[in-house]
Amino acid sequence: MEYNFRKIEQHWKEQWKEDKVYEVQNPPTSTASTSAGEALKPKCYVLDMFPYPSGVGLHVGHPLGYIASDIYARYKRLKGFNVLHTMGYDAFGLPAEQYAIEHGIHPAVSTEQNINNFRKQMDNVGFSFDWSREFRTSDPSYYKWTQWIFLQLFDSFFNRKNKKAERISVLVNAFEKEGNKTHACPGDPTLKFTADEWENFDEARRMDILMQYRLAYCGYGEVNWCEALGTVLANDEVINGLSERGGYPVVKKKLRQWYLRITEYADRLLEGLEKVDFSDAMKEMQTNWIGKSSGAEIDFAIGESADKLRVYTTRPDTIFGVDFMVIAPEHDLVASITTAGQQQAVDDYITYVKSRSERERMAEKKISGVFTGAYALNPFNQKKIPIWISEYVLAGYGTGAIMAVPCGDERDHKFAKFFNIPITNIIGKYYDGVEANPTKEAILENSDFLNGIVMKEAIEIVIRKIEETGIGMRKVNFKMRDAAFSRQRYWGEPFPIKWIDGVAYPLDEKELPLELPHVDSYKPGPEGEGPLANIKSWTDRHLETNTMPGYAGSSWYFLRYMDPHNNKTFCDRKISDYWNQVDLYIGGTEHAVGHLLYSRMWTKVLYDLDYIGFDEPYKKLLNQGMITGKSYFFSVYTEDNIDINKVKRHISSYNKKNPANISQRFKYGHRFVDNDGRLFRKIFEKGLSEELIEDPNLDIQWEKEGEEEFIYVEEVSEKMSKSKFNVDNPDDLVAKYGADTFRMYEMFLGPVEMSKPWDTKGIEGVHRFLKKLWRLFFDDVKGKVWTDEKATDAELKVLHRAIKKIEDDTERFSFNTGVSSFMIAVNELTDLKCNKKQVLESLLILLAPYAPHIAEELWHQLGHQSTVLDARYPLFEGKYVIESSKEYPISVNGKTRTTLNISLDAAQMDVEKIVLENEVIKKWLEGKAPKKIIYVKGKMVNVVV
RNA sequence: GCCCGGGUGGCGGAAUUGGUAGACGCAGCAGACUCAAAAUCUGCCGCCCACAAGGUGUGCUGGUUCGAUUCCAGUCCCGGGCACCA
């Protein structure tokens, strides 16, 4: 009997579906219910990051994380847990809308098709998702609750005293009693009013003030505006200041936008990191993103004018080293302080900056800036300081203005050198005139009352002085900004908001879901508004025309899986209390500072408002690495280097010494190039040439070796993508080798967390392993070979070593070494000619999470009636693997010279004796006495001479 | 530019806490079986030198240590993110 993986996998996929083996039971929500059997087990929630169902389907990089989580979910089930493992779709998004604009197909239609395709591909791999819990964010029964949560955010503010979200009604009560005395306004820190004033404000004014407090609020923000396309563009649709489509100019434009006041949660988001199991790198990225810093805000007088220039600095100790000020090009003071003489230069510079994306501005190495003509006065010594404008200062951070200290800050230093601004040295020998030195250890010089004080101590002294003299105040700042929460797009959740006389009012809960209306055109509305602004029935109702961004639906979806069909609430409290946090969350690091922070914030708000019982969504986060594709390029030479379009071109072998002047992509090269990087003429000419290269009108100069003609091509690792022609479809591999082989091979490639190149070459080896396993049960000629004989000690040793290793590896998500451990076990059992059910049965249970189909088939062949999914994970017993001695490496001065078999309970003295008698060691000692002998029990022996 | 990660044979990778570098697999080479092929099995397989002994080796330069792929400092290269792709 052969290993017929196609028949086996088909059969079990159908059988499992029929038996509903992956449906998971919730705990009973009412006391009347009695079927609490499953719910009594400990729970485990294993979740993959929500996929966006893109039109190109899954490539081999996508399932990596899904396979890892599936293995873990199945493993935990065997370990006796009630495992929630689910999948659904983050179905709103820009690509579907873009596709609609280009092809006239409604996003709902193309999204449905894409989802069907995704589902088919996922089913192929044999995941244990409970599909009865599937949903998509674009479904009104789901986004009803996204809108509902938005209303809770809208109706809440962050009470800084209690450090939690509370209802707006609490705030209104406080305003009525005492104005905003105890609730400083996060949206406008200068806002102060009394209870009387509040009493006398009209409705619009009150709503406006409350808006400054709400966790979901409306404000104004800059967007990428493309006049020619009449639309707002996403960052990645803008390339070098031009639109990706059409290459039209893109400028910044202020538009009304919704925001989430995530900055109020900055401290809680930081503290929360201490109680979750994320990688240090991930925690660091989030910490840096939040960017908490402490320092001071200091006001500088501007010449004779009444205006003050407020700067934020973390280094107030350097106040006497300030040689110039830099304000952001968007700074409010630009217009008023610029002198007539500098007006033209400033205008030109502002125009230039408007065409620059924030990314470009931060990444720019070239120094640029312009002098305003105005001077600020150092508040301590009244020194005149020129005020400059430069793009390296961003309007959104701090006060949008900095005091520049060239001797202590690298960017300020370069700026000063570039514009020939004189540099004051306040740190003596620490500054060499060539490079800035950001030290805090220097003793201050040229610093008035700070002279002779160490910088890090001066910080506190200056802040106190600043506060005493009223020229500024201590200030904690965050780099993180409030999250922009609206898009001028069609394919997203509508806001449950209507506008009456310029005031935003929430819809009543009963009006939810506010369904997305049908549109015939996806063209933007007037003035950069979204397509909804074109619909009369929508604007007649004064409904908000923006829609929510992609991360709205994905910020809380993990809760919905717990109770996906509930139409009374987003998730029953008893059920969320049971399933609680996600125990294992798997996804890419690209979500580090977007999705992960937003969903952490939403969870905290829902917790504060007492809708759920935990304030961190993900207990353990595992980041899967990217699988990169291999792309191949031809070297293309022109006869000379003048004009590649006119001169005849030819291709020859890629050669590092003689690099091409241009290169040409060899499409799907990963399927055709041999191990030495050669492309053979016979493959190329098998009618494939036109598909394989972008421009077939090229001469190829083949190299010859015997009969063979070939050229060398260049190999490059790139992100896998259909447009790069370097993808493989999992379906093809599953068809060829089966899902079990595919699953194990993806794991065998390397550690899940690491990015690695895709290569199908090794898949044969994994397939061979499964065939070899099969032969432990069935011989091609003899048929059934497994027996009921009692296992030997040697066989049990192999088994128990495997149990220990595979359990450890699975627990620490080291699936690649897990797969090799299976290979080792099967190799050893084959060598021992072990076909004993007693051993093989346990092995199958170990294997079931990794290769579920073959494990289930053989499990039934061994005579079991029930599924292997519910078997009991074998228990490791140490007694089978005990060793009494070890082959010790013996080194001299740290270099291994020989090995010796020594009893594991040997004492230092015994070991020294054995080692010194050894011929090899004697030779290395050359008759000298060893200085000392290091003996680490169970590890090694080192003789030091 | 800033933040994070990575760099080990021809290739993917292993070495879990500082203790035999290269497990397992691919590719390659030699052989067995076969009319032949496939499948399967056996052996070899970092580099240099090669009879052996040895030397050398985890991007690069240094350091700590009896001992460093592992820890520290510096440096180069590659990948991801940087707020409207998801």
Side-chain angles (χ1 to χ4, degrees), chain A residues 49-52 54 90 92-95 98 221 223-224 232-238 257 279-282 284-285 287-289 291 358-365 392 396 410-411 479-484 486-489 549-551 554 588-595 597 623 625-626 628 674-676 717-719 745 748-751 753-759 761-766 768-769 771-772 775 780 808-809 812 814 816-817 819-824 827 887-896 898-899 923 931-934 936 938-945:
Chain A
M49 281 188 191
F50 228 9
Y52 174 78
S54 84
D90 191 10
F92 277 131
L94 205 47
Q98 193 54 41
V223 294
N224 300 310
V232 173
L233 297 176
N235 280 341
D236 63 339
E237 294 178 302
V238 183
Q257 301 280 9
S279 70
D280 289 343
M282 173 62 60
E284 217 169 316
M285 274 189 270
T287 303
N288 291 339
W289 182 262
E358 199 169 297
R359 180 98 50 90
E360 288 168 331
R361 285 173 58 173
M362 288 188 293
E364 185 58 71
K365 278 189 230 176
Y392 80 89
E410 198 46 48
R411 274 213 279 201
K479 215 180 274 165
M480 183 169 67
R481 309 197 290 254
D482 280 340
S486 50
R487 302 291 182 260
Q488 292 68 50
R489 297 285 175 179
Y551 63 84
S554 62
T589 39
E590 65 271 21
H591 299 285
V593 291
H595 160 66
L597 281 175
N623 294 114
M626 250 202 350
T628 53
D674 84 344
N675 286 325
D676 297 325
S717 274
E718 294 186 295
K719 200 168 182 166
Y745 182 58
F748 190 56
L749 277 179
E753 315 88 299
M754 231 116 272
S755 78
K756 49 203 162 277
W758 175 254
D759 190 346
K761 289 195 183 89
I763 199 167
E764 288 283 354
V766 175
R768 265 175 227 158
F769 152 74
K771 285 199 278 190
K772 197 165 180 178
R775 283 198 299 274
D780 284 358
D808 278 2
D809 285 349
R812 67 191 177 97
S814 179
N816 56 327
T817 54
V819 174
S820 4
S821 307
F822 281 116
M823 291 174 169
I824 292 168
N827 286 346
E887 194 74 14
Y888 276 91
I890 316 295
S891 45
V892 177
N893 286 339
K895 281 198 167 62
T896 307
T898 188
T899 58
K923 199 194 92 187
K931 271 191 198 141
K932 72 177 147 171
I933 294 174
I934 292 155
V936 182
K939 296 278 187 192
M940 45 62 72
V941 179
N942 186 18
V943 183
V944 185
V945 231

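Chain naming here is simple, since letters A, B, ... match the order of the sequence lines and numbering starts at 1 in each.
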- Under-4.0 Å side-chain N/O to phosphate OP1/OP2 contact, A:Arg487 with B:rC84: yes
- Check every atom of B:rA86, B:rC26, B:rA83 against the side chain of A:Asp90 and return the nucleotide holding the closest atom. B:rA86
- Item | Closest to the A:Asp809 side chain, choosing from B:rG13, B:rU16, B:rC85 | B:rU16
- Query: Which of these nucleotides, B:rC84, B:rC26, B:rA86, is closest to any side-chain atom of A:Gln257?
  - Reply: B:rC84
- What nucleic acid atoms does A:Ser486 come within less than 4.0 Å of, heavy atoms only: base, sugar-phosphate, or nothing? base
- Stepwise side-chain contact (heavy atoms from CB on, under 4.5 Å) check, A:Val223 with A:Gln257: CA-CA 9 Å; A:Val223 294; A:Gln257 301 280 9; 2.8 Å; yes
- Closest heavy-atom pair and its distance - A:Asn288, A:Lys479: O-NZ, 4.1 Å
- Separation of atom CD in A:Glu237 from atom P in B:rC85, rounded to whole Å: 8 Å
- Message: Any base atoms under 4.0 Å from A:Gly93, or only sugar-phosphate, or nothing? Heavy atoms, all strands.
- Response: sugar-phosphate
- Item | Nearest-angstrom distance from the residue atom CG of A:Asn893 to C1' of B:rG19 | 15 Å
- Message: Restricting to side chain to side chain contact (heavy atoms under 4.5 Å, CB included), what partner residues turn up for A:Lys939, sequence neighbours left out?
- Response: A:Val936
List every contact pair, protein side and nucleotides 68-76 of chain B side both N or O, where the distance is under 3.5 Å.
none

- Mark yes or no for a side-chain to base donor-acceptor pair under 3.5 Å between A:Gln488 and B:rC84, with no hydrogen or angle criteria applied. yes
- Exercise: identify the closest heavy-atom pair between A:Ser821 and A:Asp809: OG-OD2, 3.5 Å
- Message: For B:rU17 and A:Arg812 - does any side-chain N or O of the residue sit under 4.0 Å from the phosphate oxygens OP1/OP2?
- Response: no
- Hey, are the side chains of A:Val944 and A:Asn893 touching, using non-hydrogen atoms and a 4.5 Å cut-off? yes
- Item | Side chain of A:Thr589 - closest among B:rA39, B:rG80, B:rA14 | B:rG80
- Mind checking what makes ring pair (Phe, Tyr, Trp, His ring centres under 6.0 Å) contact with A:Phe822, not counting sequence neighbours? A:Tyr850
- Note on RNA chain B: ranges paired as stems (three or more Watson-Crick/G-U pairs in a row, both atom distances under 3.5 Å) are B:1-7 with B:76-82, B:10-12 with B:24-26, B:28-32 with B:40-44, B:46-48 with B:54-56, B:59-63 with B:71-75
- Query: For A:Pro51, which contact category applies under a 4.0 Å heavy-atom criterion: base, sugar-phosphate, or nothing?
  - Reply: nothing
- Query: Between B:rG13, B:rC85, B:rA39, which nucleotide has the shortest distance from any of its atoms to the side chain of A:Pro757?
  - Reply: B:rG13
- Message: My understanding is that only residues two or more places apart in sequence, or in another chain, count here; which of them pass ring pair (Phe, Tyr, Trp, His ring centres under 6.0 Å) with A:Phe769?
- Response: none
Taking only nitrogen or oxygen atoms into account, show me every contact under 3.5 Å that the protein makes with nucleotides 2-9 of chain B, one pair per line with its distance.
residue : atom : partner  : partner atom : Å
B:rC3   : O3'  : A:Asn288 : ND2          : 2.8
B:rC3   : O2'  : A:Asn288 : ND2          : 2.8
B:rC4   : OP1  : A:Glu284 : OE2          : 2.3

- Please examine the side chains of A:Met285 and A:Thr589, heavy atoms only from C-beta on, and report whether any two atoms are closer than 4.5 Å. yes
- Message: Using whole Å, what does the distance between atom P of nucleotide B:rG25 and atom CG of A:Asp759 come to?
- Response: 17 Å
- Query: Using a cut-off of 4.0 Å on non-hydrogen atoms, how would the nucleic acid contact of A:Lys772 be classed: base, sugar-phosphate, or nothing?
  - Reply: sugar-phosphate
- Message: For A:Met940 versus A:Ser891, what's the shortest heavy-atom pair and its separation?
- Response: CE-OG, 4.4 Å
- Message: Measuring from the side chain of A:Tyr52 (C-beta onward, heavy atoms only), which nucleotide among B:rC26, B:rA86, B:rC84 has the closest atom?
- Response: B:rA86
- Item | Side chain of A:Asn224 (C-beta onward), nearest among B:rG12, B:rC84, B:rA39 | B:rC84
- Note on the structure: Contacts of A:Arg489 meeting salt bridge (Lys or Arg N to Asp or Glu O under 4.0 Å) (sequence neighbours excluded), chain-then-number -> A:Glu237
- What does A:Asn942 touch in the nucleic acid at a heavy-atom separation under 4.0 angstrom: a base, only the sugar-phosphate, or nothing? base
Set out, line by line, the N/O atom pairs under 3.5 Å between protein and nucleotides 20-23 of chain B.
residue : atom : partner  : partner atom : Å
B:rU20  : O4   : A:Glu887 : O            : 3.4

- Message: Suppose we screen for ring pair (Phe, Tyr, Trp, His ring centres under 6.0 Å). Which residues come up paired with A:Trp289, at least two apart in sequence or across chains?
- Response: none
- Message: Need the glycosidic conformation of B:rG9: syn if within 90° of 0, anti if not. Which one?
- Response: syn
- Sequence-distant partners of A:Asp482, side chain to side chain donor-acceptor pair (under 3.5 Å), two or more places apart: A:Tyr217, A:Thr263
- Message: Once ring pair (Phe, Tyr, Trp, His ring centres under 6.0 Å) is applied, do any residues pair with A:Tyr745, and if so which ones, sequence neighbours excluded?
- Response: A:Trp758
- Query: For B:rC26, does either OP1 or OP2 sit under 4.0 Å from a side-chain N or O belonging to A:Arg768?
  - Reply: yes
- Query: For RNA chain B, whose closest nucleotide is more 5', that of A:Met823 or that of A:Val941?
  - Reply: A:Val941
- Take the protein atom OH of A:Tyr745 and the nucleotide atom C1' of B:rC24, then report the distance between them rounded to whole Å. 13 Å
- Message: Both A:Asn827 and A:Ser814 contact RNA chain B. Which one's nearest nucleotide lies toward the 5' end?
- Response: A:Ser814
- Mind listing the closest non-hydrogen atom pair of A:Ala484 and A:Pro549 along with its distance? O-CG, 4.3 Å
- Shortest non-hydrogen contact from A:Phe748 to A:Val819? CD1-CG1, 3.6 Å
- What is the distance from NE2 of A:His591 to P of B:rG81, rounded to the nearest Å? 10 Å
Show each protein N/O and nucleotides 53-56 of chain B N/O combination with a separation under 3.5 Å, one pair to a line.
residue : atom : partner  : partner atom : Å
B:rG55  : OP1  : A:Arg897 : NH2          : 3.4
B:rG55  : OP2  : A:Arg897 : NH1          : 3.0

- Message: Within the 4.0 Å heavy-atom criterion, would you say A:Val238 contacts the bases, only the backbone, or no part of the nucleic acid?
- Response: nothing
- Message: Could you tell me if the side chain of A:Phe50 sits less than 4.5 Å from the side chain of A:His595, heavy atoms only?
- Response: no
